Amino acid sequence: MAIWQNKITETIKHWRQLIVFLRSPDDFLHLHLQPSRIFLREIYTYFIPPLAIRPITVFLRSLILDAPTTAIILAISSFILQAGVWLILGAILPTMVHQFQTQIREREALLITGFASLPLWLSGALFLVPDTAPLSLFFVSRLFVFILALYGAFIAYRAFTVLGVKREACAPILAVFSAAYAVLYFILFVVIGITSHIILFIFTA
């Protein structure tokens, strides 16, 4: 019982830290971008739980509106979409910033991309609003998702600053980072969407 209480207490602490991070990211980034931090622990603690919000939300929504098979496939697709964008962009970010005479290690690139994705991942709870909801409610929910995604760009900017990227290089790097994120998200959204619909057709035919 004590073990579970400690885990719950620690989980609540981590979520509070995320809230503080969203309000004032600089101090959090200064601490968590340090090389001394354990990389896998950062991922397990701060990335995996928010990353799971949208798949869980999509699963619950689809479970109510559709069959369990549909819910599972859509939830997995949602997870692959978000994780894919994070990992691919994090992998190519060092090469992207190198064009601006800036050096970022792969570890830092994955952390920056992950922290910049946190607002979007947390907004996954809004996907509980189905496509069949009243247009105004659906529009407002997706608008909030878009606004939170834009806030992720600000977090990325602060992360570049914390890492000591020259101020004159931050703006163009951020522009390329944001454009790459949007393009990659769109491409994976289309590819994964088509793939998931093919799988659904096979299982429901």
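Just so it is clear, the structure is predicted and the values come from calculations on it, not from any experiment.
In this structure, Ile112 CD1 and Arg107 CZ are separated by 10.5 Å, a value rounded to the nearest 0.5 Å. Interatomic distance, Thr95 OG1 to Glu106 CD, rounded to the nearest 0.5 Å: 8.0 Å. Between Phe79 atom CZ and Ile56 atom CD1 the span is 10.0 Å, to the nearest 0.5 Å. Atom-to-atom distance recorded for Ile104:CD1 and Leu93:CG is 5.0 Å, nearest 0.5 angstrom. To the nearest 0.5 Å, atoms CD1 (Ile155) and CG (Leu22) are separated by 5.5 Å.
Residues forming a side chain to side chain contact (heavy atoms under 4.5 Å, CB included) with Arg105 (at least two apart in sequence, or on another chain): Pro35, Glu108. Residues satisfying the ring pair (Phe, Tyr, Trp, His ring centres under 6.0 Å) test with Phe39, not counting sequence neighbours, are none.
A perpendicular orientation is assigned to the rings of Trp86 and Trp121, their planes being inclined by more than 60° (bins at 30° and 60°).
Hydrophobic clustering places Ile76 together with Ile48 (ILVMFWY residues linked when any side-chain heavy atoms are closer than 4.5 Å, directly or through intermediates). Criterion: ILVMFWY side-chain heavy atoms under 4.5 Å apart, direct or through other members. Under it, Ile53 and Ile72 are part of a common hydrophobic cluster. Phe115 and Leu87 fall within a single hydrophobic cluster, where Ile, Leu, Val, Met, Phe, Trp and Tyr side chains are chained together by heavy-atom contacts under 4.5 Å. Under the 4.5 Å side-chain heavy-atom criterion for Ile, Leu, Val, Met, Phe, Trp and Tyr, Leu18 and Leu120 are members of the same hydrophobic cluster. One hydrophobic cluster holds both Tyr151 and Trp15 under the rule that ILVMFWY side chains link at heavy-atom gaps under 4.5 Å.
The shortest distance between side-chain heavy atoms of Val165 and Val97 does not fall below 4.5 Å. Between Leu174 and Phe154 there is no side-chain heavy-atom pair separated by less than 4.5 Å. When side chains are defined from C-beta on, Pro68 counts as touching Leu63, because their heavy atoms get closer than 4.5 Å. No side-chain heavy atom of Ser78 sits under 4.5 Å from any side-chain heavy atom of Phe59. At a threshold of 4.5 Å between non-hydrogen side-chain atoms, the residues Thr102 and Leu163 do not count as touching. You'll find the side chain of Leu126 stays beyond 4.5 Å of the side chain of Val140, heavy atoms only. Side-chain contact check for Phe177 versus Leu89: some heavy-atom pair is nearer than 4.5 Å. Residues Leu40 and Tyr44 form no side-chain contact, since every pair of their non-hydrogen atoms from C-beta on lies 4.5 Å or further apart.
Cation-pi geometry between Arg16 and Phe21 is not met at under 6.0 angstrom from the ring centre and within 45 degrees of the axis.
Phe146 shares a hydrophobic cluster with Leu150; the chain of contacts runs through ILVMFWY side chains whose heavy atoms sit under 4.5 Å apart. Its side chain outside the 4.5 Å cluster rule for every partner, Ile38 clusters with none of the Ile, Leu, Val, Met, Phe, Trp and Tyr residues.
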Which atom pairs, donor and acceptor, lie under 3.5 Å between side-chain atoms of residues 25-34 and protein residues at least two apart or in another chain?
unit_1, atom_1, unit_2, atom_2, d
Asp26, OD1, Arg158, NE, 2.9
Asp26, OD2, Arg158, NE, 3.3
Asp26, OD2, Arg158, NH2, 2.6
His32, ND1, Arg37, NH2, 3.2
His32, ND1, Glu42, OE1, 2.7
His32, ND1, Glu42, OE2, 3.3
Gln34, NE2, His30, O, 3.4

Give every donor-acceptor pair under 3.5 Å between a side-chain atom in residues 179-199 and any protein atom, sequence neighbours left out.
unit_1, atom_1, unit_2, atom_2, d
Tyr181, OH, Ser117, OG, 2.7
Tyr185, OH, Arg54, NH1, 2.6
Thr195, OG1, Val191, O, 2.8
Ser196, OG, Ile192, O, 3.1
Ser196, OG, Gly193, O, 2.8
His197, ND1, Gly193, O, 2.7

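When all heavy atoms of Pro94 and Gly90 are compared, the pair lying nearest together is CD-O, 3.4 Å. When all heavy atoms of Ser62 and Ala71 are compared, the pair lying nearest together is CB-CA, 3.5 Å. In terms of heavy-atom proximity, Ser178 sits nearest to Ala153 at OG-CB, 3.9 Å. The shortest non-hydrogen separation linking Pro119 to Leu148 is CB-O, 3.1 Å.
A donor-acceptor contact shorter than 3.5 Å links the side chain of Thr161 to the backbone of Tyr157. Looking only at distances, no side-chain donor or acceptor of Tyr46 sits under 3.5 Å from a matching main-chain atom of Gly114.
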